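Owing to the predicted nature of the structure, the values given are computational and were not obtained by experimental measurement. All ligand and atom numbering here is 1-based and tracks the order in the structure.
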Amino acid sequence: MKNIPLNERIIIALDVQKAEQAREIVKKCESHVTFYKVGLQLFMSSWFETVDWIVDRGHKVMLDLKFFDIPETVKLAVEQVNNRGVTFATIHGNDPIIQAAVAARGDMKLLAVTVLTSFGEEDMRAMGMTQSVEELVFYRAKRALELGCDGVVSSGLEVEKMRGDLGEKLFIVTPGIRPGANVSDSGDDQKRIVTAGMAIRNGANHVVVGRPITKADDPVKVIEVMQQDIIHSTQQL
Ligand code: C5P
C-alpha cells in the first residue's frame with residue numbers, strides 16, 4: 001500500500017470526446033501523473049488508439065468499460081483487452097459473469113464495480129432494496145475477491161471496512177473524489193464522495209479523478225494539492 005508511487009495514486013479519468021483532447025490532458029499532466037482512465041465516452045470515439053498511445057508513452061491505463069453481459073460475451077470481451085498493456089479493466093455482474101471474466105483474464109488486473117459512486121441510499125430504497133449501500137458494496141467486494149478478481153471499484157466511504165476485513169491483497173480504486181470544499185455536495189451526479197486524502201487514508205490504493213482535474217483552469221495545480229493531501233494521508237498509514 002505504502003509503496004505505490006505518488007504519480008500513480010491519482011488515475012485521471014479522460015472523459016473527453018476525442019483522442020486529441022485526451023492527448024492534450026496527458027501531455028499537460030504527465031510530469032505529475034502516469035496513470036489514466038479510458039472510459040466509455042473516449043473509447044466510443046477512439047477505440048484502442050488512445051489506450052495504445054498512453055501505453056506506448058510508458059504510462060498505465062485503466063480501461064473502464066464495465067463489461068456486463070452474459071458470461072460468454074464478457075469472456076470474449078475480456079480476451080479482446082488481454083495483451084495490450086492495460087493495467088486495470090473493469091467488469092460488473094453476478095458470480096458466473098465474474099467467473100467468466102476471471103477465467104479469460106490475461107496479463108491485466110480485473111476490478112469489479114461494486115456500487116456506482118453516483119448511487120446513494122435513496123436510490124437503493126427506490127429499487128426496493130433494504131440493505132445499506134455499505135452492506136451491498138461489502139458483499140460484492142467479498143464475492144469478487146473469492147471468485148478471483150484482483151480488486152474492486154468503490155467509493156471512499158466503504159473502503160475502511162473492506163480493507164480491514166478483506167486484507168491487503170485486494171486492489172481498491174476509488175472514484176467520486178472531490179476537493180475538500182465540495183466534499184458534502186459534489187454539485188453533479190456523484191453522491192458518495194470523499195477527498196483524495198480520505199480515500200487513501202481509508203485504504204484505497206488509487207483514486208480516480210475526472211472533472212475536478214480535467215475541467216480545472218490549472219489542472220496541474222489541482223493535482224499538486226491532491227498529491228499533498230495524499231502524501232499527508234500515507235504518512236498516517
Ligand atoms: O468526473 P468524475 O471525477 O466524477 O469522474 C469519475 C470517473 O470515474 C468517471 O469516469 C466515471 O465513469 C468513473 N466511475 C465512477 N464510479 C464508479 C466507477 C467508475 O464515477 N463506481
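The shortest contact between atom 9 (C) of ligand 1 and any protein heavy atom is with Asp15 OD2, 3.3 Å. Nearest non-hydrogen protein atom to atom 6 (C) of ligand 1 is Gln190 NE2, 3.6 Å. Scanning the protein for heavy atoms near atom 17 (C) of ligand 1, the closest one is Pro175 CG, 3.5 Å. Regarding atom 13 (C) of ligand 1, its nearest protein heavy-atom neighbour is Lys37 NZ, 3.5 Å. Of all protein heavy atoms, the one closest to atom 19 (C) of ligand 1 is Lys66 NZ, 3.3 Å.
Residue-ligand proximity, Asp64 to ligand 1, at heavy-atom distances under 4.0 Å covers atoms 12 (O), 13 (C), 19 (C). Of all atoms in ligand 1, listed by their number and element, those nearer than 4.0 Å to a heavy atom of Val208 are 7 (C), 8 (O). Close contacts of ligand 1 with Leu116, meaning ligand atoms under 4.0 Å from a residue heavy atom, involve 17 (C), 21 (N). Within ligand 1, counting atoms from 1 as listed, the ones closer than 4.0 Å to a heavy atom of Pro212 are 3 (O). When each atom of ligand 1 is checked for a heavy atom of Arg211 under 4.0 Å away, the hits are 1 (O), 2 (P), 3 (O), 4 (O).
Residue-level proximity to ligand 1 for Arg178 is carried by the side chain, the only part with a heavy atom below 4.0 angstrom. Residue contacts with ligand 1, taken as heavy atom pairs separated by less than 4.0 Å, do not involve Asp189 at all.
A side-chain donor from one of Arg163 and Asn205 sits under 3.5 Å from a side-chain acceptor of the other. Neither side chain, Gln227 nor His32, offers a donor N or O lying under 3.5 Å from an acceptor on the other. Inspection of the Asp64 and Thr90 side chains reveals an N or O donor paired with an N or O acceptor under 3.5 Å. In this model, a donor atom of one side chain and an acceptor atom of the other lie less than 3.5 Å apart for Thr117 and Gln190. Ser233 and Arg201 form a side-chain donor-acceptor contact under 3.5 Å, judged by distance and modelled atom types alone.
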*Go through His206 and Met62 one step at a time and tell me if the side chain to side chain contact (heavy atoms under 4.5 Å, CB included) criterion holds.*
CA-CA 11 Å; His206 305 273; Met62 172 173 171; over 6 Å; no
*In sequence, state the C-alpha distance, the side-chain angles, and the governing distance for Ile12 and Val209, and then conclude on side chain to side chain contact (heavy atoms under 4.5 Å, CB included).*
CA-CA 5 Å; Ile12 298 182; Val209 188; 5.8 Å; no
*asked:* Arg143 vs Glu146, test: salt bridge (charged side-chain N to carboxylate O under 4.0 Å, His left out). Steps then yes/no.
replied: CA-CA 5 Å; Arg143 209 57 207 128; Glu146 285 165 358; 2.6 Å; yes
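For the residues Gly210, Ser155, Gly39, the heavy atom positioned nearest atom 5 (O) of ligand 1 is part of Gly210. Across the listed options Thr117, Thr90, Val173, Thr117 owns the non-hydrogen atom lying nearest to atom 16 (N) of ligand 1.
Side-chain contact between Ile223 and Val33 is present, with heavy atoms from C-beta onward closer than 4.5 Å.
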